[in-house]
Visitor: 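For reference, the structure I am asking about is given below.
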There are 2 protein chains.
Amino acid sequence: MYSQAEENYLKTIYNLESRQGSEVSTNLIASKANTKASSVTDMLKKLAAKNLVQYKKYQGVHLTELGRKSALKVIRKHRLWESFLVQKLNFKWDEVHDIAEQLEHVKSEVLIEKLDAFLKYPKLDPHGDPIPDAHGRTILNKTVVISAMKIGSAGVFVGVRDSSSEFLQYLNKKNLALGDRIKVIDIEPFDGSFHIETRTHRLVITKSVAENLCLKNVK
Amino acid sequence: MYSQAEENYLKTIYNLESRQGSEVSTNLIASKANTKASSVTDMLKKLAAKNLVQYKKYQGVHLTELGRKSALKVIRKHRLWESFLVQKLNFKWDEVHDIAEQLEHVKSEVLIEKLDAFLKYPKLDPHGDPIPDAHGRTILNKTVVISAMKIGSAGVFVGVRDSSSEFLQYLNKKNLALGDRIKVIDIEPFDGSFHIETRTHRLVITKSVAENLCLKNVK
DNA sequence: CGAAAAATTTAGATATAACTAAAAATATAT
DNA sequence: ATATATTTTTAGTTATATCTAAATTTTTCG
């Protein structure tokens with residue numbers, strides 16, 4: 001199978017690709033992966049040699065079908081382990097990301113199928129992200145990020161795009177939790193920050209925070 | 001913390017030391033770890049530099065107090081994960097070793113404490129080995145290996161010294177399971193093989209197999 | 001004891017995955 | 001359109017953990 005480093009790159013590229021549509025650039029991968037562009041170039045060549053990505057010098061990359069499937073397997077493992085940590089071991093949603101980053105690289109098909117069964121085949125992880133099944137399929141989870149919403153619209157907060165403990169702890173501090181109803185009150189034209197309202201309070205969030213909060217049933 | 005390679009060496013040295021008493025030799029480590037003696041020498045120097053082992057050229061090694069504690073932490077993790085795999089995920093005892101070899105290297109103190117609690121603080125793993133607590137302490141589990149027994153003596157089979165799937169599958173095939181009462185019928189002076197008897201059948205095992213079966217209440 | 005055998009260490013190489021600094025290609029902007 | 005800035009790649013280095021082959025030390029035994 002693939003090395004941990006390779007699996008991490010696949011996951012990063014998958015995530016960037018699905019948020020971007022188009023080809024993913026070397027620098028973007030480097031910043032997400034906390035490495036240098038030169039390291040990314042090296043790895044892209046390796047992934048291309050293994051037919052995991054389509055790569056043309058200076059033109060960015062995108063995953064091949066094999067790459068996409070491999071990425072989804074890693075993501076499936078990550079999200080199942082996160083579910084395990086929260087549901088069975090009583091971790092909080094902001095504590096599981098780094099541990100799951102390690103667990104996701106454990107090699108065993110049987111293990112992950114048995115874990116899935118033990119957890120009763122969950123469809124969403126603790127951050128509201130859909131868990132791919134063994135074939136890479138997910139339930140459709142039509143959400144809108146706050147940054148794409150208009151003034152006056154509202155929805156239910158069902159997921160985050162950044163599940164780092166830093167970001168989740170910020171949400172905890174601001175009293176924002178999955179399930180909350182959130183309404184967009186105003187958008188600052190100057191810096192793009194959002195004034196939002198929940199059932200209990202109002203607050204201002206930056207544009208970049210708004211890009212990481214996913215809402216459902218937005219009207 | 002320590003690298004996976006370092007942790008694996010610590011575990012190997014710990015196991016050899018506790019079965020041997022004396023200093024552990026380079027070649028012995030190499031054969032247990034499936035590497036070459038030269039690789040072992042390199043690693044021993046590294047471990048010595050980190051104060052994990054006492055090492056003198058050509059004289060073998062033994063763990064320092066720090067090394068012993070570190071080894072016990074890895075062993076604790078390994079055995080807790082094995083218990084999880086068998087008790088919660090319904091793996092068989094011969095299927096868990098390789099997966100636990102991977103899981104044991106996941107870095108998180110909290111994780112292992114929560115796992116321990118989830119499993120209700122088990123004292124023995126699925127192979128009958130005692131699980132060290134957070135301080136490295138284990139219940140005393142006085143057992144005798146068959147190879148140390150006399151003709152006519154008998155006891156209850158409570159543990160194995162080799163928990164590789166190959167060995168455990170051999171035991172399955174020979175219909176030997178934890179809890180069985182085993183009696184030594186005869187010892188071949190020629191090759192040291194043992195004729196043993198359970199409640200249901202008789203069989204002959206080699207000396208090396210006899211060295212890996214642990215019995216309790218031997219009389 | 002001293003030669004042969006066995007065990008161990010050293011020296012030098014390899015693979016992975018990172019890095020820095022310099023070079024090359026692409027994009028931007030006057 | 002051409003100079004400048006940005007992005008990306010290349011070249012060369014580093015660290016980890018292996019390996020083989022040769023050298024060295026220890027052990028064994030006639």
Side-chain angles (χ1 to χ4, degrees), chain A residues 1-13 16-17 20 22-63 67 70-71 74 98 101-102 104-107, chain B residues 1-13 16-17 19-63 67 70-71 74 98 101-102 104-107:
Chain A
M1 266 327 248
Y2 308 115
S3 72
Q4 292 201 191
E6 288 168 341
E7 289 189 346
N8 284 331
Y9 274 92
L10 289 176
K11 211 176 39 157
T12 302
I13 297 168
L16 291 171
E17 215 172 73
Q20 275 233 317
S22 58
E23 313 287 302
V24 181
S25 78
T26 301
N27 263 357
L28 192 56
I29 297 170
S31 76
K32 278 284 170 191
N34 284 312
T35 54
K36 297 301 159 79
S38 56
S39 308
V40 175
T41 302
D42 285 348
M43 183 54 89
L44 293 184
K45 287 180 187 168
K46 216 205 289 188
L47 296 179
K50 295 188 178 186
N51 193 32
L52 291 163
V53 299
Q54 193 94 37
Y55 169 61
K56 266 169 72 184
K57 269 191 189 182
Y58 296 102
Q59 308 301 306
V61 275
H62 65 92
L63 295 173
S70 306
V74 183
D98 293 352
E101 288 278 304
Q102 300 177 67
E104 76 191 7
H105 300 297
V106 172
K107 260 89 188 158
Chain B
M1 267 326 248
Y2 309 115
S3 72
Q4 292 200 191
E6 288 166 343
E7 289 189 346
N8 285 332
Y9 275 93
L10 290 176
K11 212 176 36 158
T12 303
I13 296 168
L16 291 172
E17 216 173 73
R19 275 159 184 62
Q20 276 233 317
S22 58
E23 313 286 302
V24 181
S25 77
T26 301
N27 264 357
L28 193 55
I29 297 170
S31 75
K32 278 284 170 193
N34 284 310
T35 55
K36 297 301 158 81
S38 57
S39 307
V40 175
T41 301
D42 285 348
M43 182 56 87
L44 294 183
K45 287 180 187 169
K46 218 205 290 189
L47 296 179
K50 296 189 178 185
N51 192 31
L52 291 162
V53 299
Q54 193 94 37
Y55 168 61
K56 267 171 69 184
K57 269 192 191 183
Y58 298 102
Q59 308 302 306
V61 276
H62 65 92
L63 294 174
S70 306
V74 183
D98 293 352
E101 289 278 303
Q102 300 177 67
E104 75 192 7
H105 300 296
V106 171
K107 259 89 188 159

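Worth knowing before you read on, the calculation uses all heavy atoms, side chains too, and leaves out hydrogens, waters and symmetry mates. Throughout, a chain's letter reflects where its sequence line sits, starting with A, and its residues are numbered from 1. Not measured: the values here are computed from a predicted model.
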Visitor: For A:Glu23, check side-chain contact (heavy atoms from CB on, under 4.5 Å) against everything at least two apart and list the hits.
Guide: A:His62

Visitor: Go through C:dT9, D:dT9, D:dC19 for me and flag the one nearest to the A:Ala37 side chain.
Guide: D:dT9

Visitor: Given atom CE of A:Met43 and atom P of C:dT16, what is their separation to the nearest angstrom?
Guide: 10 Å

Visitor: Measure from CG on A:Leu44 to P on D:dT9 and round the result to the nearest Å.
Guide: 7 Å

Visitor: Please tabulate, for the side chains in residues 26-40 of chain A, all donor-acceptor contacts under 3.5 angstrom to protein atoms that are two or more places apart in sequence or on a different chain.
Guide:
from: A:Ser31; atom 1: OG; to: A:Leu28; atom 2: O; distance (Å): 3.1

Visitor: Enter the distance from B:Lys107:NZ to B:Met1:CE here, rounded to the nearest 0.5 Å.
Guide: 7.0 Å

Visitor: Output the residues of residues 25-33 of chain B in contact with DNA chain D, where contact means a heavy atom of the residue under 4.0 Å from an atom of the strand; sort by number or write none.
Guide: none

Visitor: Starting at the 5' end of DNA chain C, which residue's closest nucleotide do you reach first, A:Lys36 or B:Gly60?
Guide: B:Gly60

Visitor: Does D:dT18 have its OP1 or OP2 closer than 4.0 Å to a side-chain nitrogen or oxygen of B:Ser39?
Guide: no

Visitor: Where the side chain of B:Ser38 is defined as all heavy atoms beyond and including C-beta, which of D:dC19, D:dT25, D:dT9 is the nearest nucleotide?
Guide: D:dC19

Visitor: Would you find a donor on one side and an acceptor on the other, under 3.5 Å apart, between the side chain of B:Glu17 and the backbone of B:Leu63?
Guide: yes

Visitor: At under 4.0 Å, does any side-chain N or O of B:Tyr55 touch on OP1 or OP2 of C:dT8?
Guide: no

Visitor: Please report the interatomic distance OH(A:Tyr9) to CG(A:Leu52), rounded to the nearest 0.5 Å.
Guide: 14.0 Å

Visitor: What's the closest nucleotide to the B:Tyr9 side chain, out of C:dT26, C:dA18, D:dT18?
Guide: D:dT18

Visitor: Calculate, to the nearest 0.5 Å, the distance between atoms CG and CG belonging to B:Leu44 and B:Leu47 respectively.
Guide: 6.0 Å

Visitor: Any side-chain N or O of B:Lys57 below 4.0 angstrom from OP1/OP2 of C:dT10?
Guide: yes

Visitor: Side-chain N or O of B:Lys45 versus OP1/OP2 of C:dT10: is the shortest distance under 4.0 Å?
Guide: yes

